[in-house]
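All chains are named by letter (A, B, ...) in the order of the sequence lines, taking the proteins before the strands, and each is independently numbered beginning at 1.
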Number of protein chains: 2
Amino acid sequence: MSPARPAPTGLDVVFAALADPTRRAVVERLRLGPATMTELATPLAASLPALTKHLAVLQQAGLVATAKKGRQRYCMLTAAPLRDAAAWLAEYGAYWDERLDALTAYLKENP
Amino acid sequence: MSPARPAPTGLDVVFAALADPTRRAVVERLRLGPATMTELATPLAASLPALTKHLAVLQQAGLVATAKKGRQRYCMLTAAPLRDAAAWLAEYGAYWDERLDALTAYLKENP
DNA sequence: TTGTCACTTCACCACTTGGTGAAGTATTGT
DNA sequence: ACAATACTTCACCAAGTGGTGAAGTGACAA
């Protein structure tokens, strides 16, 4: 039998989606407002088939929503899952701050 | 010639490292303090060869540092790259907050 | 109606990932 | 000296990823 990995959680797909530079570029572009597929593809020098796949990944992760208008497809940010990811990371920001504080305190006493 | 993808950046490898639940579990465990490989592997029900690979990914991403002591290998968090990732996400947190504010303001005026 | 435009889908490819079992390497305890 | 411990490395595998070119689909324009 195959090793039966656990089903991917929300954080899994969100982080995986953000691991690709093209997809992060799409998200960054989408922060300026909605865009069609070609509007996204052109400045990234990405082919339309490639972008279609990336969009599917982002949509699967819940990071973008799309709406067909005529023969164009408008994509827009739905940043909610980013907040989950940010929340996960925020805990480690706090951890790191503690460590930094401990280090500076140590250096203060041991110059 | 192969399509020549761009070399992975810091954010690439950090997000990719965090996309795996086993690796996130390692990071979470490491928040409680340093641990050896077997101490990490046992509660995760992961084999040592598998964990060695995961550790390499985390180390590559700069998330974990290790030190050999005798025949044991102590692993500890070096959360600095998490801050970069958190900073990237924080901008979208702000974006999302703006949108939420805009939505609540809209609902206030159009009840 | 006949193109053209904006995608989407398909079949395929090279490469990577996450896992395995088995063998190898130091280090440590008896 | 010998065996156990704590990994590491190796060869391999199945599945997934990111890309391609070519063909297909539906909306709009001439």
Side-chain angles (χ1 to χ4, degrees), chain A residues 1-9 11-27 29-30 34-61 63-76, chain B residues 1-9 11-27 29-30 34-61 63-76:
Chain A
M1 190 169 64
S2 47
R5 270 194 279 164
T9 75
L11 276 182
D12 285 25
V13 290
V14 170
F15 280 131
L18 296 178
D20 185 282
T22 302
R23 280 184 311 249
R24 280 202 311 280
V26 167
V27 170
R29 163 62 187 82
L30 250 29
T36 67
M37 296 297 278
T38 34
E39 280 171 356
L40 287 174
T42 312
L44 295 176
S47 71
L48 276 178
L51 198 79
T52 301
K53 283 197 185 183
H54 283 308
L55 238 288
V57 173
L58 289 168
Q59 220 168 343
Q60 190 78 14
L63 293 172
V64 296
T66 66
K68 260 172 244 163
K69 184 128 191 185
R71 58 185 159 180
Q72 289 168 63
R73 183 182 175 192
Y74 284 91
C75 312
M76 44 215 157
Chain B
M1 191 168 61
S2 47
R5 269 192 281 164
T9 75
L11 276 181
D12 286 25
V13 291
V14 170
F15 280 130
L18 296 178
D20 186 282
T22 302
R23 271 173 330 237
R24 279 202 310 281
V26 166
V27 170
R29 164 62 187 81
L30 250 30
T36 67
M37 296 296 278
T38 33
E39 280 171 356
L40 288 174
T42 312
L44 296 175
S47 70
L48 276 179
L51 198 79
T52 301
K53 284 196 183 183
H54 283 307
L55 238 289
V57 173
L58 289 168
Q59 221 170 340
Q60 191 78 10
L63 294 171
V64 181
T66 67
K68 260 171 246 164
K69 184 128 189 184
R71 60 185 158 180
Q72 290 169 65
R73 182 182 176 192
Y74 283 92
C75 312
M76 44 214 156

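- Taking every side-chain heavy atom of A:Arg73 into account, C:dC7 is the closest of D:dT8, C:dG18, C:dC7.
- Where A:Ala45 and A:Lys69 each meet DNA chain D at their nearest nucleotide, the meeting point lying more 5' is that of A:Ala45.
- Counting all heavy atoms, side chain and backbone alike, A:Ala35 lies closest to A:Arg29 at CB-NH2, 3.5 Å.
- Considering only side-chain atoms of B:Gln72, the nucleotide from C:dT20, D:dT20, D:dA6 that sits closest is D:dA6.
- Distances from the side chain of B:Met37 to the nucleotides D:dC7, C:dA22, D:dC28 place D:dC7 closest.
- Counting only heavy atoms from C-beta on, B:Arg71 has its side chain closest to C:dT28 among D:dA29, C:dT28, D:dA22.
- The CG atom of A:Leu18 sits 10.0 Å away from the CG atom of B:Leu18 when rounded to the nearest 0.5 Å.
- A distance of 5.5 Å separates CD of B:Gln72 from OG1 of B:Thr36, quoted to the nearest 0.5 Å.
- Closest heavy-atom contact between A:Met37 and A:Leu48: CB-CD2, 4.0 Å.
- Residue B:Thr22 has no polar side-chain atom (N or O) positioned under 4.0 Å from OP1 or OP2 of C:dG18.
- Nearer to the 5' terminus of DNA chain C, by closest-nucleotide assignment, is the contact made by A:Lys68 (compared with the other of A:Lys68 and A:Lys53).
- One finds the SG atom of B:Cys75 at 7.5 Å from the CD atom of B:Gln59 (value rounded to the nearest 0.5 Å).
- One atom, CG of B:Leu40, and another, P of D:dA6, lie 14 Å apart when rounded to the nearest Å.
- Comparing D:dT8, C:dT20, D:dG18 against the side chain of B:Thr52 picks out D:dT8 as the nearest.
- If you take CG of A:Leu55 and P of C:dA6, they are 16 Å apart, rounded to a whole angstrom.
- Taking the side chain of A:Leu48 as heavy atoms from C-beta on, and the options D:dT8, C:dC7, D:dA29, the nearest nucleotide is C:dC7.
- Side-chain N/O atoms of A:Thr38 include one lying less than 4.0 angstrom from OP1 or OP2 on C:dC7.
- For the pair A:Gln60 CD and D:dG16 C1', the computed distance is 14 Å after rounding to whole Å.
- Of the candidate nucleotides D:dT20, C:dT28, D:dT9, D:dT20 has the atom nearest to the side chain of A:Ala50.
- The separation between A:Glu39 atom CD and C:dC5 atom C1' is 14 Å, rounded to whole Å.
- Taking atom CG of residue B:Asp20 and atom P of nucleotide D:dT17, one finds them 12 Å apart after rounding to whole Å.
- Look at B:Thr36 and you'll find a side-chain N or O under 4.0 angstrom from OP1 or OP2 of D:dC7.
- Taking 4.0 angstrom as the limit, A:His54 places none of its side-chain polar atoms (N or O) nearer than this to OP1 or OP2 of D:dT17.
- Atom-to-atom, CG of A:Asp12 to C1' of D:dT17 comes out at 16 Å; the value is rounded to the nearest Å.
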